[in-house]
There are 2 protein chains.
Amino acid sequence: MDQRHASALKAAGMKATPKRLAILEMLEAEPGYASPEELWKRLKDRFDRLGLPTVYRNLEELSQSGVLSKVIHPNRQLYYYFCSNREHHHHFVCLSCRKVEDIPACGIEALEQEVSKRNGGKVLSHILQLNGLCGGCADNGEKR
Amino acid sequence: MDQRHASALKAAGMKATPKRLAILEMLEAEPGYASPEELWKRLKDRFDRLGLPTVYRNLEELSQSGVLSKVIHPNRQLYYYFCSNREHHHHFVCLSCRKVEDIPACGIEALEQEVSKRNGGKVLSHILQLNGLCGGCADNGEKR
DNA sequence: CCTCTAAATAGAAATGAATTCGTTTTAGAA
DNA sequence: TTCTAAAACGAATTCATTTCTATTTAGAGG
Ligand SMILES: [Mn+2]
Ligand SMILES: [Mn+2]
Ligand SMILES: [Zn+2]
Ligand SMILES: [Zn+2]
């Protein structure tokens, strides 16, 4: 049992079940983002019984509690990835090979302030994501 | 027939059909973002026959060509809004009343440059959206 | 170690937003 | 006016995601 993941789960107020730990392990080993069904297919080998709804439910809960992150994908399907950087930051995601890279600073806190001040509203969250082709994929001229 | 919208369609290389014009008129009159089905229900009154797929198709095409914009909504359903600002900019969307407000500068072009340079990839697009409660909704303490 | 219970999971079934497809209609160029 | 590629119809379908009820289990408390 991976103690880091167990601690992360406890910190999030979630029970450290074998399936949750396996989801985290698998996603951490993954070089990029993955879909619930992809993870499920691969996780099934490690468990006698594992339901797809369980994978969906856990991925969503883990992303709610900040242990995992979600990709905003053009095809509007769900994808998740593991990022151990606990600072506030954002990501560059490769639409070809699914690699995810950190974007250190976003400077959006200032923007939030400004928007609040100017329009009188309250900014609850922001989405910032860069989409493109990573170094390797750009070189290969891949477009998928 | 609204000449502005007809021109916009022609500029996008799309035929100026009555239904497309009606979609643009309705969405321009809308104070916030709307879903394809909502627009369809209201547009049906103005046409003997109007298919929901037609509304979906046109909204998507119009957003592809930049005449309309899309909301990234937490519920992952499709919403579109009309914005006549042709400069590159982003939006603050109210999750309660659906109002959309412009965010003038995003400063992301510089970030794109930096990411390209540091990681060697190519940034094809970026998503920036602030979610929250607009002035009116924040005051009313509304949470929906 | 046990016990106990709220939380987690199974798995079949349902959901419903979005899309497909073959046919019919139409915008607009010629 | 004619003609054709583009647009629209709309019933049917898709399929990613969620719901639901019964069953299992993690882990707090003894
Ligand atoms: Mn990261
Ligand atoms: Mn705008
Ligand atoms: Zn890549
Ligand atoms: Zn509002």
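Predicted model only: the values in this text are computed from it and were never measured. Quick note on labels: first sequence line is chain A, next is B, and so on, each numbered from 1.
In this model, the phosphate group of C/dA18 is approached by a side-chain N or O of B/Y56 to a distance below 4.0 Å at OP1 or OP2. The phosphate of C/dA10 (OP1 or OP2) has a side-chain N or O of A/K19 nearer than 4.0 angstrom.
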Let me have the donor-acceptor pairs involving side chains of residues 13-21 of chain B, under 3.5 Å, with sequence neighbours excluded, atom names and distances please.
residue : atom : partner : partner atom : Å
B/T17   : OG1  : B/R20   : N            : 3.2
B/K19   : NZ   : B/R49   : O            : 3.0
B/R20   : NE   : B/N58   : OD1          : 2.8
B/R20   : NH1  : B/K15   : O            : 2.9
B/R20   : NH2  : B/E61   : OE1          : 3.1

Per-pair distances, 0.1 Å, donor-acceptor, side chain in residues 29-36 of chain A, under 3.5 Å, sequence neighbours excluded:
residue : atom : partner : partner atom : Å
A/E30   : OE1  : A/R42   : NH1          : 2.9
A/E30   : OE1  : A/R42   : NH2          : 3.2
A/E30   : OE2  : A/R42   : NH1          : 3.3
A/Y33   : OH   : A/C94   : O            : 3.1
A/S35   : OG   : A/E38   : N            : 3.1
A/S35   : OG   : A/E38   : OE1          : 3.4

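The closest side-chain donor-acceptor pair between A/E60 and A/Q64 falls under 3.5 angstrom.
Shown here are the ring-ring contact (aromatic ring centres under 6.0 Å, His included) partners of A/H5, two or more places apart in sequence or in another chain: A/F82.
In this pair, A/H90 and A/H126 present their aromatic rings tilted. The plane angle is within the 30 to 60° band.
In this entry the distance linking CZ of A/R46 with C1' of C/dT9 reads 17 Å, nearest Å. For the pair B/M14 CE and C/dG28 C1', the interatomic distance rounds to 15 Å; values are reported in whole Å.
Residues from residues 65-83 of chain A with heavy atoms under 4.0 angstrom of DNA chain D, sorted by number: A/Q77, A/L78.
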Which atoms of nucleotides 11-14 of chain C (N or O only) lie under 3.5 Å from a protein N or O atom, and what are those distances?
residue : atom : partner : partner atom : Å
C/dG11  : OP1  : A/R49   : NE           : 2.9
C/dG11  : OP1  : A/R49   : NH2          : 2.5

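Mapping heavy-atom proximity under 4.0 Å, the span of DNA chain D touched by chain A runs 5' to 3' from D/dA16 to D/dG27.
B/Y81 is not connected to B/I72 by any chain of hydrophobic side-chain contacts under 4.5 Å among Ile, Leu, Val, Met, Phe, Trp and Tyr, and they are in different clusters.
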